[in-house]
Amino acid sequence: MFYTFLRFIFLKTSETGQAPKRAKRRAAAEGGSSNVFSMFDQTQIQEFKEAFTVIDQNRDGIIDKEDLRDTFAAMGRLNVKNEELDAMMKEASGPINFTVFLTMFGEKLKGADPEDVITGAFKVLDPDGKGTIKKQFLEELLTTQCDRFSQEEIKNMWAAFPPDVGGNVDYKNICYVITHGDAKDQE
């Protein structure tokens, strides 16, 4: 859940919804090398550092439960349960400094995420559990956070996943296509 939360917000994925191919190839080639920094290029490490800095709200070099709570609040989700935060913190092997943070991402790059994990990332932005996110909100996140989407990428996304007449985006459909491919691609 922690990884999912962080990945959705701060790591722009490729069109297939997977991690950057360079990082995946390195992870596969190294067979899980203990040096997590060798799995990523300098640009990717800088992007992770920026994400870490955003989440480390108190700037003490460690992401803790209060940092997560504050990050959720900054995203507009104010009533996050302690159990949810505790579960997120338990996903780390210890205190979450930058190396642990990067390792958590490196471990996930060894394989593609299952549909429920990707859906869980979107659910962070859908506290009411409607299965949709407002187009305007999602577009704002994707164009203002970390590795920002260009206007062309946004246009392509809406062409592939058009919002309904109420301006809602069906993120469950997006998750399905990411993990199973588009039906027309299978033909």
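In this text, all values refer to a predicted model and were calculated from it rather than measured experimentally. Scope of the values below: all heavy atoms of this structure, side chains included, with no hydrogens, waters or symmetry mates.
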[X] side chain near [Y] side chain, heavy-atom distance below 4.5 Å:
X	Y	answer
F98	F48	yes
E153	T143	no
V169	F137	no
L141	I133	no

Would you indicate whether [X], at its atom [atom1], is surrounded by more than 12 heavy atoms from other residues, nucleotides or ligands within a distance under 6.0 Å?
X	atom1	result
Q136	CD	no
N79	CG	no
K130	NZ	no

> Considering all heavy atoms of both residues, which atom of P95 and which atom of V100 are nearest to each other, and what is their separation?
Replying inline: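 Answer, listing the atom of P95 first, then V100: O-CG2, 3.5 Å.
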> What is the minimum heavy-atom distance between M104 and A92, and which atoms define it?
Replying inline: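 M104 and A92 have their closest heavy atoms at SD-CB, 4.0 Å.
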Hey, what do you get for [atom1] ([X]) to [atom2] ([Y]), rounding to the nearest 0.5 Å?
X	Y	atom1	atom2	result
R77	D126	CZ	CG	9.5 Å
N168	L138	CG	CG	11.0 Å
M157	I174	CE	CD1	6.5 Å

> Who pairs with D56 by side-chain contact (heavy atoms from CB on, under 4.5 Å), at least two apart in sequence or on another chain?
Replying inline: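 Applying side-chain contact (heavy atoms from CB on, under 4.5 Å) to D56 gives F52, N58, D60, I63, D67.
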>> Within 45 degrees of the ring normal and closer than 6.0 Å to the centroid, is that where the cationic atom of K172 sits relative to F122?
In response: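 The answer is no; the distance or angle limit is not met.
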> Hey, is R69 close enough to E66 for a salt bridge, meaning N to O under 4.0 Å?
Replying inline: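 Yes.
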> Which residues pass the salt bridge (Lys or Arg N to Asp or Glu O under 4.0 Å) test with D64, sequence neighbours left out?
Replying inline: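 Checked D64 against salt bridge (Lys or Arg N to Asp or Glu O under 4.0 Å); zero matches.
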> Any link between I62 and L85 through a network of hydrophobic side chains (Ile, Leu, Val, Met, Phe, Trp, Tyr) touching at under 4.5 Å?
Replying inline: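 No, because I62 and L85 fall into different hydrophobic clusters, even though each may have its own neighbours under 4.5 Å.
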>> Assess the residue pair L68 and E84 against the criterion (side chain to side chain contact (heavy atoms under 4.5 Å, CB included)); give the C-alpha distance rounded to whole Å, side-chain angles, the decisive distance to 0.1 Å, and a yes or no.
In response: CA-CA 10 Å; L68 293 178; E84 186 176 356; over 6 Å; no
